[in-house]
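The structure under discussion appears below in the form of structure tokens.
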Amino acid sequence: MNIAIIGTGYVGLVSGACFAELGNKVICVDNNEGKIKDLTNGIIPIYEPGLEQLVKRNYRQKRLFFTTSIKEAVMKSKVIFIAVGTPSKDNGDANLRYIEEVSRSIACHMNNYKVVVEKSTVPVETNTWVKYIMKLNNHKVDFDVASNPEFLKEGSAIDDFMHPDRIVLGVESEKAKNLLVKLYEPLKAPIVVTNIQSAEIIKHASNSFLAAKISFINAVANICEQVGADIEKVAEGMGMDTRIGKSFLKAGVGYGGSCFPKDVKAFIRIAEKLGGEFGLLKEVEKINENQRKLIFNKIEKALWILNAKTIGVLGIAFKPNTDDIRSASAIDLIKMLQDEGAHVKAYDPKAMDHARSILPNVEFCKNPYHVAKGADALVIVTEWDEFKKLNLSKIKKLLKHKIIIDGRNIFDPKKMKQMGFRYSSVGRPV
Ligand code: NAD
Ligand code: UGA
């Protein structure tokens, strides 16, 4: 099938490369000329495990193409996915200006029947607007709109795309449904076919539910900490109940990333605009913000005054195996430390290039040992495998004080104590 993907970011590039791998001809479009130039030169703009090989292979085999021309992509394709960003506005609403821009552009260049598929995460009823704006700009050519939310996670995006738990299709015509079902058939995944509004809500509700699970376990972790219980065991015991499930019960510094924070906000706003209130999600947000403060408080508790102290931070990306730092917990934490006058040294295996521009006063180091050298305390913010395998004896020698605050519970508290560290983590007995 001939496909266009508009927006070649984390979702667009992964989806495009995966659809190409499944045998389709895919044109990825982006209005960022530098990005498209890099891609045509074999430079992959993001870090995502396995993506480089996948993109290069499909580009070489002429199934994957890159362009800045929406016109070319629209004219050559039957199915057009919109995968541009939908960031938060100051009031929490999703900013839909890129969606509107692209919808108009698609409409203007349609030469025959197309299915225009919303893959970006959008508030319910966005597709109604997409259809309206497309008709306004082109009332001659027949088209369908559809919603196909994406559920991939950064860091395991290719595997998630190729082996999804489910595929959600919000459609309003048999023709669009048949085309999309055929496109996804090779994945052999369950397909939920519904109307467009339901598909849009499935995405916001799924992300909000997962965020709620994380805040729930973090709230429980804070109780555990007060009474000497162990959140890891509590989560294990809860997760064995198949009705609860063991995933997304990892307590820590809180959720970050380009999606949970913005999607929870957007869902709250949708409820408000419809005249209701989603108090549960407001609490989810509050707990999440508080988790970062709790880690900060632990640092203060260990060092008292932070002015002129050196704090080492391990991990800047919002989760391991990505270079994405959008709404990463590390950024908030580093700013809190700097506001108190602390000097921050930091290291991340993949995210430092992105971090440099938004954290200009941080001393970026070439490895975790360089971070530890002379630091008053070491804080773990992202659970990269590299940090789990640290030579702790070496770290101990390098630190000024043997203080480690672990925002991701990657070490065993007993062992850390035996080694002579003053170690504190989240929701576990010291
Ligand atoms: P991103 O910022 O990485 O990529 C968006 C791309 O769209 C950018 O490259 C940008 O240059 C391009 N773009 C913007 N306006 C354009 C235009 N007019 N024409 C052509 N290109 C344009 O964003 P992302 O992380 O890929 O997210 C995209 C959407 O998918 C969001 O709605 C997000 O919520 C959703 N989503 C993201 C993930 C994820 O893991 N990142 C997972 C599921 C869903
Ligand atoms: C999330 C969802 O998991 C995807 O299904 C969805 O497609 C995507 O958002 C999106 O809409 O963009 P992602 O943000 O890439 O994926 O990564 P997650 O693995 O969900 O992690 C999000 C944040 O939650 C990270 O900061 C992570 O550290 C945190 N988290 C996750 C926890 O603190 N505890 C957990 O148990 C799980």
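Both ligands and their constituent atoms are indexed starting at 1 by order of listing.
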Atoms of ligand 1, numbered as shown, that sit under 4.0 Å from any heavy atom of [X]:
| X | result |
| --- | --- |
| Lys35 | 8 (C), 9 (O) |
| Gly85 | 5 (C) |
| Ala83 | 5 (C), 28 (C) |
| Ser258 | 41 (N) |

| With a cut-off of 6.0 Å (strictly less than), are more than 12 heavy atoms of other residues, nucleotides or ligands near CD of Gln61? | yes
| said: With a 6.0 Å cut-off (strictly less than), is the heavy-atom count around OH of Tyr184, excluding the residue itself, greater than 12? | reply: yes
Taking heavy atoms and a distance under 4.0 Å, where does [X] meet ligand 1: side chain, backbone, both or neither?
| X | result |
| --- | --- |
| Val102 | side chain |
| Tyr10 | both |
| Ala157 | neither |
| Ser120 | both |
| Leu152 | both |

Hey, looking at [atom], which of [options] has the closest heavy atom?
| atom | options | result |
| --- | --- | --- |
| atom 29 (C) of ligand 2 | Phe151, Tyr255, Tyr10 | Tyr255 |
| atom 30 (N) of ligand 2 | Thr382, Ile217, Ile214 | Ile214 |
| atom 8 (C) of ligand 2 | Thr121, Val11, Leu152 | Leu152 |

Looking only at N/O atoms, are [X] and ligand 2 under 3.5 Å apart anywhere?
| X | answer |
| --- | --- |
| Leu210 | no |
| Glu383 | no |
| Gly257 | no |
| Phe260 | no |

Top protein contact for [atom], by heavy-atom distance:
| atom | answer |
| --- | --- |
| atom 3 (O) of ligand 2 | Lys153 CG, 3.4 Å |
| atom 35 (C) of ligand 2 | Lys250 CB, 3.6 Å |
| atom 17 (C) of ligand 1 | Asn31 ND2, 3.2 Å |
| atom 18 (N) of ligand 1 | Glu101 OE2, 3.1 Å |
| atom 7 (O) of ligand 1 | Gly7 CA, 3.4 Å |
| atom 11 (O) of ligand 1 | Asp30 OD1, 2.6 Å |
| atom 35 (C) of ligand 1 | Thr121 OG1, 3.5 Å |
| atom 2 (O) of ligand 1 | Arg326 NH1, 3.4 Å |
| atom 36 (N) of ligand 1 | Val11 CG2, 3.4 Å |
| atom 41 (N) of ligand 1 | Glu154 OE2, 2.7 Å |
| atom 37 (C) of ligand 2 | Phe248 CD2, 3.4 Å |
| atom 14 (O) of ligand 2 | Phe318 CE1, 3.4 Å |
| atom 21 (O) of ligand 2 | Lys319 CD, 4.0 Å |

Do the charged groups of [X] and [Y] touch, with an N to O distance under 4.0 Å?
| X | Y | result |
| --- | --- | --- |
| Glu272 | Lys282 | yes |
| Glu154 | Lys319 | no |
| Glu52 | Lys56 | yes |
| Glu232 | Lys250 | yes |
| Lys273 | Glu125 | no |
| Lys35 | Asp38 | no |
| Lys233 | Glu236 | yes |
| Lys293 | Glu289 | no |
| Lys414 | Asp412 | no |

Under a 4.0 Å heavy-atom limit, does [X] contact ligand 2 with its side chain, its backbone, both, or neither?
| X | answer |
| --- | --- |
| Lys203 | side chain |
| Arg408 | side chain |
| Glu154 | both |

| Does the ring of Phe248 carry Lys213 above it, NZ/CZ under 6.0 angstrom from centre and within 45° of its axis? | no
| task | Going by the side-chain contact (heavy atoms from CB on, under 4.5 Å) test, name the single residue among Val381, Ile405, Thr382 that passes it with Val253. | result | Val381
| query | Would you say Gly252 contacts ligand 2, with heavy atoms under 4.0 Å as the rule? | reply | no
| Ignoring hydrogens and geometry, is there a side-chain-to-backbone donor-acceptor pair from Asp406 to Ser425 under 3.5 Å? | no
| said: Which residue in the set Phe267, Phe209, Phe260, Phe278 passes ring-ring contact (aromatic ring centres under 6.0 Å, His included) when paired with His204? | reply: Phe267
| request: List the steps, then state whether side chain to side chain donor-acceptor pair (under 3.5 Å) holds for Asn112 with Lys114. | output: CA-CA 6 Å; Asn112 51 32; Lys114 314 279 178 196; 3.0 Å; yes
| request: Would you please indicate if the ring centroids of Phe411 and Phe421 are separated by under 6.0 Å? | output: no
| said: Quick check: Tyr59 with Phe66 (ring centres under 6.0 Å apart)? | reply: yes
| If you take all heavy atoms of Val29 and Ala73, which pair is closest and at what distance? | CG2-CB, 3.3 Å
| request: Identify the heavy atoms of Ala351 and Asp323 that sit nearest to each other, and give their distance. | output: CB-O, 3.8 Å
Taking distance alone, with no angle check, do [X] and ligand 1 share an N/O pair under 3.5 Å?
| X | result |
| --- | --- |
| Thr86 | yes |
| Lys262 | yes |
| Lys203 | no |

| said: Less than 3.5 Å apart, any donor N or O on the side chain of Asn409 or Glu383 sitting next to an acceptor on the other? | reply: no
| query | Looking just at side-chain N and O atoms, do Lys262 and Thr86 make a donor-acceptor pair shorter than 3.5 Å? | reply | yes
| task | Taking only heavy atoms of Cys259 into account, list the atoms of ligand 2 that are under 4.0 Å away from them. | result | 9 (O), 10 (C), 11 (O), 12 (O)
| query | Hey, which atoms in ligand 2 end up nearer than 4.0 Å to a heavy atom of Leu249? | reply | 36 (O)
| query | Would you say Lys153 contacts ligand 1, with heavy atoms under 4.0 Å as the rule? | reply | no
